[in-house]
Amino acid sequence: KYAKWDTMVLWCNRLFREQKNCFVEGRGPNPEIGWHENQIAFFESYTMPLACHLVETGIFEFDVASGFVNGVRQNNIRWMIDGTKVIENMVKEWEEIQAREKSKPAAAEDQKT
C-alpha cells in the first residue's frame, strides 16, 4: 500500500534512462553495470534506514510508518527476485526509444522529398 512495486519500478526506470542518456553523451558510467546490486544497496543503505526513521520520529502513526518499512522490505525482496528481469526490460525499452528517436529525422527527410 505504501511503497508500491510498480511505482518503484517506474522511478527506477526513469533514473536508468537518465543515467543511460548521460552515459551515451559521455557524462557518466554505463548504468547497466551493477544496476541490480546498486538497487539492493540503495534499499538497504538509504531507503530502509529512512523508512525506519519515520517510525522512530513519530511523524506518522505507527501503523502507517510501519507500512513504509514493510513496503521497502517487500520491494527489496522482490527486487532480489525480479530485478534482473526488470533491468532487461528497462534496457530493451531504452533501446526501442533510441531506435524511434533515430528514425524520426529520417522520416521527416522522407516527407520533404
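Everything numeric here is computed off the predicted structure, so don't read it as measured data.
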K.L.:
Within a strict 4.5 Å, meaning less than it, do heavy atoms of the Gln39 and Phe16 side chains meet?
P.N.:
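With C-beta onward as the side chain, the pair stays apart.
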K.L.:
Rounded to the nearest 0.5 Å, what separation is found between the CG atom of Leu50 and the OG atom of Ser45?
P.N.:
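It is 11.0 Å, given to the nearest 0.5 Å.
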K.L.:
Does Phe62 belong to the same Ile/Leu/Val/Met/Phe/Trp/Tyr cluster as Met48, with side-chain heavy atoms less than 4.5 Å apart forming each link?
P.N.:
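Linked, Phe62 and Met48 end up in one cluster.
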K.L.:
Verify the neighbour count for atom CD of Glu61: are there more than 12 heavy atoms of other residues, nucleotides or ligands below 6.0 Å?
P.N.:
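Counting other residues, nucleotides and ligands, CD of Glu61 stays at 12 neighbours or fewer.
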K.L.:
Which heavy-atom pair separates Asn75 from Met8 by the least distance, and what is that distance?
P.N.:
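Nearest pair, atom of Asn75 first, then Met8: ND2-CB, 4.0 Å.
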K.L.:
Does Ser66 offer a backbone N or O that forms a donor-acceptor pair with the side chain of Asn70 under 3.5 Å?
P.N.:
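Checking the backbone N and O of Ser66 against the side chain of Asn70, no donor-acceptor pair under 3.5 Å is found.
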K.L.:
Quick check: do Trp35 and Leu15 have side-chain heavy atoms less than 4.5 Å from each other?
P.N.:
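Yes, at least one pair of side-chain atoms sits under 4.5 Å.
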K.L.:
I need the Asp82 CG to Ile77 CD1 distance, nearest 0.5 Å.
P.N.:
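Reported to 0.5 Å precision, the distance equals 12.0 Å.
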K.L.:
Honestly curious: do Tyr46 and Val69 fall in one hydrophobic cluster under the side-chain, below-4.5 Å linking rule?
P.N.:
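Hydrophobic grouping puts Tyr46 apart from Val69.
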K.L.:
Looking at side-chain heavy atoms only, is the closest gap between Ile40 and Met80 below 4.5 Å?
P.N.:
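Heavy-atom side-chain distance check passes, below 4.5 Å.
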K.L.:
Return the CD to CH2 distance between Glu37 and Trp79, rounded to the nearest 0.5 Å.
P.N.:
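Rounded to the nearest 0.5 Å, the CD-CH2 separation comes out at 10.0 Å.
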K.L.:
Between Glu95 and Lys92, does at least one N-O distance fall below 4.0 Å, as a salt bridge requires?
P.N.:
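Lys92 and Glu95: not salt-bridged.
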K.L.:
Could you state the interatomic distance from CD1 (Ile97) to CZ (Arg17), rounded to the nearest 0.5 Å?
P.N.:
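Output value for this atom pair is 4.0 Å.
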K.L.:
Side-chain contact test, heavy atoms from C-beta onward, threshold under 4.5 Å: evaluate it for Gln74 versus Trp5 and give yes or no.
P.N.:
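With C-beta onward as the side chain, the pair stays apart.
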K.L.:
I want to check something: taking the side chain as every heavy atom from C-beta on, are Glu32 and Ile87 in contact at a cut-off of under 4.5 Å?
P.N.:
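No, side chains not in contact.
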K.L.:
With sequence neighbours excluded, what pairs up with Glu25 under the salt bridge (Lys or Arg N to Asp or Glu O under 4.0 Å) test?
P.N.:
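With neighbours one apart ignored, the set is Arg27.
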K.L.:
Carefully, step by step, assess Asn13 and Trp94 under the rule side-chain contact (heavy atoms from CB on, under 4.5 Å).
P.N.:
CA-CA 9 Å; Asn13 195 354; Trp94 185 87; over 6 Å; no
K.L.:
Hydrophobic clustering (ILVMFWY, side-chain heavy atoms < 4.5 Å, transitive) - are Ile81 and Val72 grouped together?
P.N.:
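Hydrophobic grouping puts Val72 apart from Ile81.
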K.L.:
Holding to ring pair (Phe, Tyr, Trp, His ring centres under 6.0 Å), I want the full list of residues that pass it with His53, two or more places apart in sequence or in another chain.
P.N.:
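If we apply the ring pair (Phe, Tyr, Trp, His ring centres under 6.0 Å) test to His53, skipping adjacent residues, there are no hits.
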K.L.:
Between CG of Asn30 and NZ of Lys20, what distance do you get to the nearest 0.5 Å?
P.N.:
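Answer rounded to 0.5 Å: 4.0 Å.
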K.L.:
Could you report the tightest heavy-atom contact between Pro49 and Glu44, atom names first, then the distance?
P.N.:
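Result for this residue pair: CD-O, 3.4 Å.
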K.L.:
Given salt bridge (Lys or Arg N to Asp or Glu O under 4.0 Å), test Glu88 with Lys85 step by step and report yes or no.
P.N.:
CA-CA 5 Å; Glu88 289 171 4; Lys85 291 178 187 174; over 6 Å; no
K.L.:
Look up atom CD in Gln98 and atom OG in Ser103, then write down how far apart they are to the nearest 0.5 Å.
P.N.:
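Here the interatomic distance stands at 11.0 Å.
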K.L.:
Quick check: do Phe23 and Pro29 have side-chain heavy atoms less than 4.5 Å from each other?
P.N.:
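A side-chain contact is absent here, since even the closest heavy-atom pair is not under 4.5 Å.
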K.L.:
Is it possible for you to say whether Val55 and Phe43 belong to one hydrophobic cluster, with membership spreading through side-chain heavy-atom contacts below 4.5 Å?
P.N.:
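Yes, Val55 and Phe43 fall within the same hydrophobic cluster.
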